[in-house]
There are 2 protein chains.
Amino acid sequence: MTRPPTSAERALGTLRELIMGGELAPGARLGEVELADRLGVSRTPVREALSRLAAEGLVEVVANRGARVATWTVAELEGVFDLRSVLEPQLTAHAVPNAGPGDVDELDALARRMHEVGAPGPAQDLDALVPLNRAFHDRLVTLAAHPTLAAALAAAIHPPIVRRNFLTYDEESLRRSLAHHTEIVAAVRAGDPAWARAVMTSHIANARAVMVRAARLQATAHPQEETA
Amino acid sequence: MTRPPTSAERALGTLRELIMGGELAPGARLGEVELADRLGVSRTPVREALSRLAAEGLVEVVANRGARVATWTVAELEGVFDLRSVLEPQLTAHAVPNAGPGDVDELDALARRMHEVGAPGPAQDLDALVPLNRAFHDRLVTLAAHPTLAAALAAAIHPPIVRRNFLTYDEESLRRSLAHHTEIVAAVRAGDPAWARAVMTSHIANARAVMVRAARLQATAHPQEETA
DNA sequence: TCCCCGGTGATTGCATGCAAGTTAGGGGTC
DNA sequence: GACCCCTAACTTGCATGCAATCACCGGGGA
């Protein structure tokens, strides 16, 4: 019997989705009464949700001045990728010995589908890549069976960065990214943790280059954007 | 002008210290009214503090059944050291190029004082090692100037593990640990990030072995301890 | 004797009310 | 005309009250 979620939990989840989904832009003000009305609850569970989101780093609270959706600088973005570049290769290496034939097949299927929808041409569908990519990485994290590392990684990715991502990939970087997935499958199939770790390191480095470039462009295009 | 801390912040800090300091043992029940009375505030800031501590992993809340101080298994303890063993060497490597001569001298002084109070004999004072060790590691983290990695590390160490630690070191491991500090200073002075990273990796591995052994002993000695 | 069930006390979850702090705007002064 | 101060509306922070849920415990039945 599943436990009915409390109002605070629903508020937490809803706010997380609103922020991660981009409906609440970075810097947007988060008034307690406004959110309470919007979610149909009182201010108490909203306060609790905001407090926890602040602990997660998704929102920033400035005592007596309310909460805003967290903003991030290019330096912070690079910091997040530094963290991913140590955690995710390690998790991948942990995953290798735990992957059975069925797991390898599933990863392989995901990688192939990503090639299908990601290949340039009329069938290209970049939006479909996002859930596939997430499924691929989540599968590896699950296989690693390492809750502590997984939690640290989840906390790192929280800053809503990976959200609208594949749109910013240039063609060469995208091709590289897809090839990385395929190569990771090969490394896992070969049972070689060091190989898998190395490919994942490259994978993150590639993503880092793409995201940092995009963030720099956006920073110069819209300096000091303040979404009220 | 320093901002006077809010009641919720004080509750958060006090509870953190009580838990990290061991005055609230793992598994201890945390009643809202009891804590509110103890801290001289109402239940609202206590709830907020508990919620944030839960997000940090220091306490566990079971819907409608209140909060308890988080407990950890040996496997989770090992997981935390896995995380430290990727994060802290990386941070140390980052710190090396940022360390000026003054920083090296301070690290050196800390390492020397740890040798003084840690050497076996009548002058040995293991309790004095804890703050010195903390100061040493904190100095390196600060020098790394990498908030994201530092935050991830802080979140990892939270489980109150490092608390009463040096008492569990056997003589050989303690000697190794002190030697590591000295060698890290040498590596930083030499400006060699790879060296510093390698020593820190050994340092964490040594600590991991000590803590895991101690935890295993304690687990067999007091299985299922429930401090009410 | 053991198991199941209903009552009771305590605890959590949430809503609301009040006070302190903050921000915005207008009037006064230089 | 520019600057400063002061007032007012709004927002946050906290306390308190009430309903829902849960753990504990004694009694009845198998």
S.K.: Output the distance between atom CG (B/Leu110) and atom NE2 (B/His181), rounded to the nearest 0.5 Å.
M.R.: 9.5 Å

S.K.: Apply side chain to side chain contact (heavy atoms under 4.5 Å, CB included) to A/Leu132 and A/Phe136, showing your working.
M.R.: CA-CA 6 Å; A/Leu132 287 173; A/Phe136 187 88; over 6 Å; no

S.K.: Look at B/Arg65 and C/dT12 and indicate whether a side-chain polar atom (N or O) is within less than 4.0 Å of OP1 or OP2.
M.R.: no

S.K.: Between B/Arg43 (CZ) and C/dT16 (C1'), how many Å, whole number?
M.R.: 14 Å

S.K.: Between A/Gly31 and B/Val41, name the one whose nearest nucleotide on DNA chain D is closer to the 5' end.
M.R.: A/Gly31

S.K.: Specify whether A/His203 and A/His137 have parallel, tilted or perpendicular ring planes, treating 30° as the upper limit for parallel and 60° as the lower limit for perpendicular.
M.R.: parallel

S.K.: Checking contacts here: which listed nucleotide (D/dC22, C/dC14, C/dT22) is nearest the side-chain heavy atoms of A/Asn64?
M.R.: C/dT22

S.K.: A/Glu9 has an atom CD; how far is it from atom P of C/dT12, in whole Å?
M.R.: 15 Å

S.K.: Expressed in angstrom and rounded to an integer, what is the separation of B/Leu50 atom CG from C/dT12 atom P?
M.R.: 9 Å

S.K.: Under 4.0 Å between a side-chain N or O of A/Ser42 and OP1 or OP2 of C/dC14?
M.R.: no

S.K.: Check the side chains of B/His180 and B/Asn206 for a donor-acceptor pair under 3.5 angstrom, ignoring hydrogens and angles.
M.R.: no

S.K.: What is the distance, rounded to the nearest whole Å, between atom CZ of B/Arg10 and atom P of D/dA15?
M.R.: 9 Å

S.K.: For B/Glu32 and for B/Thr44, find the nucleotide of DNA chain C with the closest heavy atom, then tell me which residue's nucleotide is more 5'.
M.R.: B/Glu32

S.K.: Within less than 4.0 Å of OP1 or OP2 of C/dG13, is there a side-chain N or O belonging to A/Thr6?
M.R.: no

S.K.: Between A/Arg47 (CZ) and C/dA15 (P), how many Å, whole number?
M.R.: 14 Å

S.K.: What is the distance, to the nearest angstrom, from the CZ atom on B/Arg29 to the P atom on D/dC22?
M.R.: 14 Å

S.K.: Could you tell me how far apart B/Leu39 (CG) and D/dG13 (C1') are, to the nearest whole angstrom?
M.R.: 16 Å

